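All of these numbers come straight from a predicted model, not from anything done at the bench.
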Amino acid sequence: MLTNLTILSVALDTNIILTFDEDVFVGTGNVTITNTSSGIEVYSIDITDNFVTFSGKVVTIVRNKDLDHNTPHHIKIDNTAILDSSGNS
């Protein structure tokens with residue numbers, strides 16, 4: 001379901017919004033944001049946390065910490081964190 005994406009020029013305080021082609025449901029695991037340059041993890045949240053919402057095909061992650069300016073970051077979502085109606089990740 002998830003593929004590698006490159007996203008450029010995102011505001012530092014932007015929520016992470018993922019839109020899928022089918023309804024998705026909460027699984028178990030974490031979403032981790034890492035500073036790509038240094039390899040340092042800057043943010044991690046459990047997929048069941050109140051800062052993560054599921055609504056049909058959309059998952060919204062509200063970060064409580066802004067990212068570093070002019071710094072590349074990458075997001076890792078555990079394979080079991082987001083599931084479809086058949087339980088596939």
Side-chain angles (χ1 to χ4, degrees):
M1 277 185 352
L2 295 176
T3 59
N4 292 324
L5 302 173
T6 300
I7 301 171
L8 305 173
S9 300
V10 176
L12 298 177
D13 60 351
T14 300
N15 292 335
I16 299 166
I17 300 173
L18 307 170
T19 304
F20 296 87
D21 60 359
E22 61 184 314
D23 287 352
V24 291
F25 305 91
V26 65
T28 58
N30 295 303
V31 176
T32 306
I33 301 175
T34 302
N35 178 311
T36 303
S37 299
S38 69
I40 296 173
E41 181 181 299
V42 295
Y43 186 75
S44 182
I45 188 167
D46 188 300
I47 199 72
T48 63
D49 191 280
N50 289 335
F51 287 105
V52 182
T53 60
F54 285 73
S55 179
K57 299 177 182 181
V58 178
V59 178
T60 302
I61 303 165
V62 178
R63 294 178 293 108
N64 60 4
K65 177 181 178 185
D66 288 348
L67 302 178
D68 298 326
H69 184 65
N70 287 332
T71 304
H73 294 83
H74 65 267
I75 300 171
K76 177 184 175 283
I77 302 172
D78 290 344
N79 289 340
T80 57
I82 300 174
L83 307 174
D84 67 9
S85 61
S86 299
N88 300 313
S89 55

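- Residues passing the side chain to side chain donor-acceptor pair (under 3.5 Å) test with His73, sequence neighbours excluded: none.
- Side-chain atoms of Thr48 and Asp46 include a donor-acceptor pair closer than 3.5 Å.
- Summarising the geometry of Leu18 relative to Phe20, their closest heavy-atom pair is CB-CE1, 3.8 Å, with the distance given to 0.1 Å.
- Residues Val31 and Val52 have side chains not in contact (no heavy-atom distance under 4.5 Å, counting atoms from C-beta outward).
- For Lys57, the salt bridge (charged side-chain N to carboxylate O under 4.0 Å, His left out) test picks out no residue, with sequence neighbours left out.
- Remark: Asn35 CG to Glu41 CD distance equals 11.5 Å, nearest 0.5 Å.
- In terms of modelled atom types and a separation under 3.5 Å, the side chain of Asn30 and the main chain of Thr32 share no donor-acceptor contact.
- If you take CG on Asn79 and OG1 on Thr28, they are separated by 10.5 Å, rounding to the nearest 0.5 Å.
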Working for side chain to side chain contact (heavy atoms under 4.5 Å, CB included), residues Asp78 and Ile47:
CA-CA 9 Å; Asp78 290 344; Ile47 199 72; over 6 Å; no
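- The shortest heavy-atom contact between Asn50 and Thr53 is O-CG2, 4.4 Å.
- Val24 approaches Phe54 most closely through the heavy-atom pair O-CD2, 3.8 Å.
- For Phe25, the CZ atom is densely surrounded, since the number of other residues' heavy atoms within 6.0 Å is greater than 12.
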Under the side chain to side chain contact (heavy atoms under 4.5 Å, CB included) criterion, do Ile82 and Ile77 qualify, and how do the steps go?
CA-CA 8 Å; Ile82 300 174; Ile77 302 172; 4.0 Å; yes
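- Placement of Ile75 and Val62 within a single hydrophobic cluster is found when ILVMFWY residues are connected by side-chain heavy-atom separations under 4.5 Å, directly or transitively.
- Note: the hydrophobic cluster containing Phe51 also contains Ile61 (ILVMFWY, side chain heavy atoms under 4.5 Å, direct or indirect links).
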